[in-house]
Amino acid sequence: MSAEKPLFPFVTVDVALFTIEEQRLKVLLVKREEAPYAGCWALPGGALKPHLDGTLLDAVHRVMERKLSASLPWVEEVCTFNGANRDPRGWSLSVLHMALFPMDRIQAVAGLRVSEVKWADAELSLEALAFDHRRVLERAVQHLRNSVERGALPLQMLPQKFTLTQLQKTCEIVLGKSLDKSAFRRRLKELHAGDIEEIEGEFERGVQRPAQLWKAVKAMLIK
DNA sequence: CCTATTTAAACCAAAGTGGT
DNA sequence: ACCACTTTGGTTTAAATAGG
């Protein structure tokens, strides 16, 4: 038993950073170097430092700067996890954030040492994570899935230029089920007419009919 | 003739559309 | 929601042509 318990909870941010790699939804994990849970994989995160961070979002960006050589295109607050027992160090309040990262830039993860950072399968990795991160991650996946289910487009996971088939495939991977092409495109027209636009004269060429390339109109997009 | 090169038609995979 | 159709351009195959 420790001598004295802190009077206040400590506040942390946790980040579930998603991307698509090899047709699967991946999440960024880091290996903890210090106790508690030294050597365990965990979602990247860190304590809020009031003298450095004006807001929680500042803390998110500060924490992630060390892992990425690129800035996060998009971050969303998901929910909080709190309690006296979820962290052995004491009463903690952590704010889960979900972030998306472009699939064509996953090498921008600055794996200082490769053993420190990895893209793990967001759904299948049954390995134990530090703290209650298994549950936290599940919550993040569920949040992303719900958004896409409601019609949001995870454009931040796509390259700058993408085809509609790519976009649909990305949604399918997130949702874990296949979608109907016709219905998908109809919905795009109805819900996202102004959100994405064709890049005139630019096509993805392959062995098949060239596919129109599109781009996101705004930097940020999920609805 | 036989072979190399050009031209063309047939084929295929995926894009994109429309009907029920 | 489901499926079939049309469109498109690359790929493959085959035929036509030329050069020796």
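Just so it is clear, the model here is predicted, and its values are computed rather than measured. Proteins get letters first, then strands, A, B, ... in listed order; numbering begins at 1 in each.
Expressed to the nearest 0.5 Å, how far CZ of A/R32 lies from CZ of A/F131 amounts to 4.0 Å.
When the P atom of C/dT8 is taken as reference, atom CD of A/Q208 falls 14 Å away, rounded to whole Å. One interatomic measurement links the two molecules: CD of A/E198 to C1' of B/dA15, which rounds to 13 Å at whole-angstrom precision. Atom P of nucleotide B/dG16 and atom CG of A/L167 are separated by 12 Å, given to the nearest angstrom. As rounded to whole Å, 12 Å separates atom P of B/dT17 from atom CG of A/L188. If you take CD of A/E204 and C1' of B/dA15, they are 12 Å apart, rounded to a whole angstrom. The distance from atom CD of A/Q212 to atom P of C/dT7 is 18 Å, rounded to the nearest whole Å. To the nearest angstrom, C1' of B/dA14 lies 13 Å from CG of A/L164. Spacing between atom CZ of A/F203 and atom C1' of B/dG16 amounts to 12 Å, rounded to whole angstrom units.
Look at A/K215 and A/E197 and you find a salt bridge, because one of the NZ, NE, NH1 or NH2 atoms lies within 4.0 Å of a carboxylate O, short of that distance. Taking the charged nitrogens against the carboxylate oxygens, A/R186 and A/E190 have no contact shorter than 4.0 Å, which rules out a salt bridge.
Residue A/R205 places at least one side-chain N or O under 4.0 Å from the OP1 or OP2 atom of C/dG10. Distances shorter than 4.0 Å separate none of the side-chain N or O atoms of A/R209 from OP1 or OP2 on B/dG16. At B/dT17, none of the side-chain N or O atoms of A/S182 fall inside 4.0 Å of OP1 or OP2 (strictly under the cut-off).
Residue A/T163 is out of contact with every strand shown, counting any heavy-atom pair closer than 4.0 Å.
You'll find that the side chain of A/V207 is closest to C/dT11, out of B/dG18, C/dA1, C/dT11. For A/P210, the side-chain atoms get nearest to C/dG9 when compared with the rest of B/dG18, B/dG16, C/dG9. For A/R186, the side-chain atoms get nearest to C/dA1 when compared with the rest of C/dC3, C/dA1, B/dA14.
Both A/Q166 and A/A183 lie near DNA chain B, and the one whose nearest nucleotide falls closer to the 5' end is A/Q166.
No side-chain donor from either of A/T19 and A/R105 sits under 3.5 Å from a side-chain acceptor of the other.
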Residues A/E172, A/Q168; criterion side chain to side chain donor-acceptor pair (under 3.5 Å); working and verdict: CA-CA 6 Å; A/E172 288 175 344; A/Q168 180 180 338; 3.1 Å; yes
